[in-house]
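One structure is given below, encoded as structure tokens.
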Amino acid sequence: MMEEEEFELAEDLEAILHLTPEVQLAIEQVFPSQDPLDRADFNAVEYINTLFPTEQVKEITRDIKQLDHAKRHLTTSITTLNHLHMLAGGVDSLEAMTRKRQYGEVANLLQGVVNVLEHFHKYMGIPQIRQLSERVKAAQSELGTQILADFEEAFPSQGSKRPGGPSNVLRDACLVANVLDARIKQEIIKKFIRQHLSEYLVLFQENQDVAWLDKIDRRYAWIKRQLVDYEEKYGRMFPEEWCMTERIAVEFCHITKVELAKVMRTRAKEIEVKLLLFAIQRTTNFEGLLAKRFTGCTLTDQKRPESPLDPTNPFLEDEPGEDVGTEKDEDLTKPKAPDNPFHGIVSKCFEPHLYVYIESQDKNLGELIDRFVADFRVQGPPKAGTDEGGAVLPSCADLFVYYKKCMVQCSQLSTGEPMIALTTVFQKFLREYAWKILSGNLPKSSSNSGGLTITSLLKEKEGSEAAKFTVDELCLICSILSTAEYCLATTQQLEEKLKEKVDKVLMERINLTGEMDTFSTVISNSIQLLVQDLDAACDPALTAMSKVGIYDIGIQYINRLCVFVNVSISTLITQKLQYAFSTSINVFVRCV
């Protein structure tokens, strides 16, 4: 509403002020004027140019610019003089405070002097400025030398720590070191840590009894006490961002790694697998403790389809986490925990000696296979007519459970070459299991049939009738067949898990194809024996049929053949060996 009223008012004013030419002429006659502003053809641009020529405008502009430059230079000069006054006074104060070891005041003043000096870099050609700069550098050098001497006096390289703990002077000296060259800070840290760990080098010398692996716990107990002692006495002396507690722990780890490697090289013949695993276990526990306590910031400076075999396949089960040297197994199905920045910082020294562990596993697996062979001879295969008849041999599951324990344990010790060596051991005993337990216990066939065909079925067998397998022998064949199938599937899982555990650059060296082919051969031989048994069962009926003409074969011969076949396959069905039954029948039918 207000806008409409204003618009109407503007129109009325325009109508009032707009005069007709006649009225305008009358006004000029009554009130004549020589002022150019009153002329009807008044041009503002031409009027200004007439009053102020171009040259005059340029002169005014130039004068304004000169005034601006003068003002800027004056401001800069005043600022520079202020900085120079501050620098001169600051250098004098800095030198005086340095002599008096007033490090608290020096820390704040030195940073300000350095910042002010940066403004005079382009004036270094002026002798007075250069002299002030040299005095600042001399003061910094003197401070560095003086602070290092103060720390050397408080924490001498030889002798005990200074009694009474740290002083405020040293605490303020650390603040000054933050402003000085980084070399001063590193030298302070190096000297303090070396002095703090000097006792450790004496107590755990190579020739000391406590230096051996069986007393490795004492090393870690010692550093824990030292870190607590440091926190109580010196925790507030060093700036928090120096991370001195972590630096002490890291230097301890580096020293321990070198010392352990040295003593193990000297006494390599005394290393036993239990002792080695004990030392590794304690060391990895200590590394885990470091990861919980520190961030590691100082280190940067330097699913398948279900099958009947799944419940007994240790590589498809959930695996609860375990410690090295225990019977529990690591969880391979859960997401991996974040990497421990301290992993291997000490335990890496044990890797060259892991051959002791691999040799031990080779020996243990050899004994395990021998025990399987002995148990099989004593107990025999699962008996026919029982629930276990034709089932997977128990020794097979025991073997792979032991494999899994070894794999998890070794991966916690190392994921490098020792894992490849362990894989070679696994391959060796997979083949031995296939030969000694499976192939070696298959019943011997009385015939060397080159293959089953309709011609061989109708061929008259002269001399003696082919021997059939007993029910117990059939049960044994089926058990070996089921076990070989289990081994084939589980070996494939083993290969995949090994590749997950080993370093990526070594994955291509994990290959269990040869062992899987060995189990495939056992499966093929077992099926061939079942087919041969079925062939032997059909032999009497086929022999009788071969003695009459093709057109004289009556229903009685067919029924007789069916009777023999039913008798043979009923054993498999009775023993709940449906898989063996269906497999052998399929092969038999394909041959026919």
Side-chain angles (χ1 to χ4, degrees), residues 151-152 154-163 187 189-231 233-234 244-290 293-294 298-299 302 323-325 342-360 363 409 412-414 416-418:
F151 269 92
E152 180 65 28
F155 306 102
S157 300
Q158 302 295 331
S160 59
K161 300 186 182 75
R162 180 182 181 181
E187 190 67 21
I189 293 174
K190 180 179 177 181
K191 284 179 176 294
F192 180 82
I193 293 178
R194 183 171 61 240
Q195 194 278 340
H196 211 68
L197 296 178
S198 59
E199 180 186 353
Y200 174 69
L201 292 173
V202 175
L203 291 176
F204 294 90
Q205 286 183 8
E206 183 181 351
N207 58 354
Q208 297 296 322
D209 183 58
V210 292
W212 189 228
L213 301 181
D214 59 343
K215 296 179 176 61
I216 198 170
D217 278 337
R218 298 190 182 183
R219 294 178 180 267
Y220 304 130
W222 184 90
I223 189 59
K224 291 175 185 178
R225 292 194 302 270
Q226 292 300 311
L227 293 178
V228 172
D229 179 72
Y230 166 81
E231 291 286 354
K233 293 183 179 180
Y234 307 101
M244 285 297 293
T245 310
E246 180 176 325
R247 291 182 186 275
I248 294 172
V250 169
E251 183 62 23
F252 165 84
C253 291
H254 292 326
I255 294 175
T256 302
K257 179 180 177 181
V258 173
E259 293 299 316
L260 285 176
K262 188 189 303 181
V263 72
M264 283 191 291
R265 282 195 303 268
T266 304
R267 305 172 63 176
K269 295 182 179 180
E270 301 179 38
I271 300 177
E272 299 177 353
V273 64
K274 290 184 178 180
L275 178 62
L276 181 65
L277 292 179
F278 167 79
I280 295 176
Q281 174 65 57
R282 295 298 188 266
T283 301
T284 53
N285 287 347
F286 176 71
E287 292 172 348
L289 184 64
L290 292 180
R293 174 63 177 82
F294 306 115
T298 61
L299 298 175
Q302 318 162 21
D323 289 333
V324 178
F342 298 94
H343 176 68
I345 191 170
V346 178
S347 58
K348 199 73 174 177
C349 68
F350 297 109
E351 191 162 317
H353 303 276
L354 284 179
Y355 68 88
V356 176
Y357 172 79
I358 302 300
E359 291 174 355
S360 172
K363 178 182 177 181
Q409 193 176 66
Q412 293 180 340
L413 305 179
S414 172
E417 287 294 337

Quiz item: Would Phe286 and Phe342 satisfy side-chain contact (heavy atoms from CB on, under 4.5 Å), going step by step from the backbone distance to the final call?
Solution: CA-CA 9 Å; Phe286 176 71; Phe342 298 94; over 6 Å; no
Quiz item: Step by step, would you call Arg293 with Leu227 a side-chain contact (heavy atoms from CB on, under 4.5 Å)?
Solution: CA-CA 11 Å; Arg293 174 63 177 82; Leu227 293 178; over 6 Å; no
What's the separation between atom [atom1] in [X] and atom [atom2] in [Y], rounded to the nearest 0.5 Å?
X	Y	atom1	atom2	value
Leu290	Cys253	CG	SG	5.0 Å
Thr256	Arg219	OG1	CZ	6.0 Å
Tyr230	Ile248	OH	CD1	5.5 Å
Tyr357	Ile280	OH	CD1	9.5 Å
Lys274	Leu213	NZ	CG	16.0 Å
Leu299	Glu246	CG	CD	6.0 Å

Tell me the closest heavy-atom pair linking [X] and [Y], and the distance in Å.
X	Y	result
Asp217	Arg282	OD1-CD, 3.0 Å
Ala249	Phe294	CB-CE1, 3.8 Å
Lys257	Val346	CG-O, 4.1 Å
Pro418	Ile358	O-CD1, 3.6 Å

Would the distance check show the side chain of [X] and the main-chain N or O of [Y] forming a donor-acceptor pair, the cut-off being under 3.5 Å?
X	Y	value
Arg194	Ile189	no
Ser360	Val356	no
Gln226	Leu197	no
Glu259	Gln205	no

Quiz item: Without hydrogens or angle criteria, can the side chains of Gln412 and Thr284 be said to hold a donor-acceptor pair below 3.5 Å?
Solution: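 The criterion, which ignores hydrogens and geometry beyond distance, is not satisfied for Thr284 and Gln412.
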Quiz item: Does any donor atom in the side chain of Tyr220 or Thr283 lie under 3.5 Å from an acceptor atom in the other side chain?
Solution: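 Thr283 and Tyr220 do have a side-chain donor-acceptor pair below 3.5 Å.
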Quiz prompt | Carboxylate-amine/guanidinium contact Lys233 Asp229, below 4.0 Å | solution =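 Yes, Lys233 and Asp229 are salt-bridged.
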Quiz prompt | SB check Glu251 Lys191 (cutoff 4.0 Å) | solution =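 Salt bridge: no.
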Donor-acceptor contacts under 3.5 Å from residues 261-268 side chains, at least two apart:
residue: Thr266; atom: OG1; partner: Glu206; partner atom: OE2; Å: 2.6
residue: Thr266; atom: OG1; partner: Lys262; partner atom: O; Å: 3.0
residue: Arg267; atom: NE; partner: Glu270; partner atom: OE1; Å: 3.2
residue: Arg267; atom: NE; partner: Glu270; partner atom: OE2; Å: 3.2
residue: Arg267; atom: NH2; partner: Glu270; partner atom: OE1; Å: 2.8

Exercise. May I have the step-by-step check of side-chain contact (heavy atoms from CB on, under 4.5 Å) for Phe278 and Ile216, ending in yes or no?
Key: CA-CA 9 Å; Phe278 167 79; Ile216 198 170; 4.1 Å; yes
Quiz prompt | Residue pair Phe151 / Glu187, side-chain heavy-atom distance below 4.5 Å | solution =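 Contact flag for Phe151/Glu187 side chains = no.
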Quiz prompt | Worked verdict on Glu359 versus Tyr355 for side-chain contact (heavy atoms from CB on, under 4.5 Å) | solution = CA-CA 6 Å; Glu359 291 174 355; Tyr355 68 88; 3.6 Å; yes
Quiz prompt | Atom NZ of Lys215 with >12 non-hydrogen neighbours under 6.0 angstrom | solution =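 Yes, enclosed.
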Exercise. Kindly assign one of parallel, tilted or perpendicular to the pair Phe252 and Trp222, based on the angle between their ring planes and the thresholds 30° and 60°.
Key: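 Correct class here is parallel.
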Exercise. Describe, in one word, how the ring planes of His196 and Phe192 are oriented to each other, choosing from parallel (under 30°), tilted (30 to 60°) and perpendicular (over 60°).
Key: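 Ring orientation, 0 to 90° scale: parallel.
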